[in-house]
Amino acid sequence: MLIFLAFALVGGFLLANQNPINSDLRRIVGSPFLASAISNFVGSIFLGLITLILSHQLFPSFSFISGNPAWIWLGGLLGGIFLTSNVLLFPRLGAVQTVILPILGQILMGMMIDSFGWFGALQIPLTLVRVIGVLITLVGVIVAVVLPNLKQNQTQKSSENLLGWRIWGVIVGGLSAMQQAINGRLGVLLHNSAQAAFASFFIGFLAIFIVSLFVDRRLPRISDLRTAKVWNGFGGVLGGLFVLATVLAVPQIGAGLTIMMGLIGQIVGSMLVQQFGWWRSLKFRVQMWQIVGVVLMLFGIVLIKFL
């Protein structure tokens, strides 16, 4: 069990590093959709190679596709929305908020998935302790996100402009929780974790690529890509490893615990990214309020998932 807890934890840490990498890629190619498409394309190649090495079969059979519900393929689409949203959120909200706000959405949606047994997940009854855990986590989000902004004396106009983005951050967090549960179920049905991760990532790539063609009406320019660093392509690999880690972990430790461990990894990763300015991101010193808020969130998560 410990190894699968570690998979989820490391997967969350990698996901926190994917955000600034893809944000920098967006600056290079001039479009969040093209940046997301490139990231998913690299991730699809990476997972495709792993799938071929391990199972020698890239795509599921037609009989499997026709014999299972359509919703098991939604993980890739939801992942594409989550990835593109992070590219949009990161330059506006910074590393910590881009991770912490979706965390709230992941916790709320994860609790609903557990409570109702959605997407084939193990059903866990809603208890008073779990509700208290959610409320404590909400307080932690407020302390980590709102108080630092007040301390920085942001204007009311700026706060209003960012409110919509913060709400969207919570929503896409819920989509991410759904993605993890769906991908875990797909891995169980396929009996092949690598193939499930590849299928999810490849579907996400196709969805984002089609959207980018309609919105941007162009492909990435070779001249732009030549200015990119080698690590600008790491975002797709990190995202692919995150999906693979969750597909491996969900059947073994459950969707709720996988999400919780991934959240801890994301929190730690985002604070390190912000503190040290990794991947050419803006460097901000982590504030005491953010640490207090994160501790409250971790305590709320423990109540939700363990008590």
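Within the 4.5 Å cutoff, the side chain of Met178 has no heavy atoms near those of the Leu74 side chain. By the 4.5 Å heavy-atom criterion applied to side chains, Gln252 and Thr258 are not counted as neighbours. With contacts defined as side-chain heavy-atom distances shorter than 4.5 Å, the pair Phe46/Phe198 does not qualify. Counting only heavy atoms from C-beta outward, the side chains of Leu186 and Ile182 never approach each other to under 4.5 Å.
By the rule that hydrophobic residues join a cluster once side-chain heavy atoms approach within less than 4.5 Å of another member, Phe4 and Val188 end up as members of separate clusters. Cluster annotation: Val42 is connected to Leu52 through the hydrophobic network of ILVMFWY side chains, with a link wherever side-chain heavy atoms come within less than 4.5 Å. Taking hydrophobic clusters as Ile, Leu, Val, Met, Phe, Trp and Tyr residues chained together by side-chain heavy-atom distances below 4.5 Å, Leu213 shares a cluster with Leu206. Under a hydrophobic clustering in which Ile, Leu, Val, Met, Phe, Trp and Tyr are joined whenever their side-chain heavy atoms come within less than 4.5 Å, directly or via other members, Leu25 and Val211 fall into different clusters. Cluster membership check: Leu190 does not share its hydrophobic cluster with Ile53, using side-chain heavy-atom separations under 4.5 Å among Ile, Leu, Val, Met, Phe, Trp and Tyr.
If you check the side chains of Trp279 and Asn17, you find a donor sitting under 3.5 Å from an acceptor.
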- Task: Determine, stepwise, if the pair Val295 / Phe299 fulfils side chain to side chain contact (heavy atoms under 4.5 Å, CB included).
- Result: CA-CA 6 Å; Val295 171; Phe299 179 63; 5.7 Å; no

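Of all heavy-atom pairs between Leu47 and Gly240, the closest is CD2-O, 3.6 Å.
Taking the six-membered ring where the residue is Trp, Phe13 and Trp278 present perpendicular rings, their angle passing 60° and hence far from 30°.
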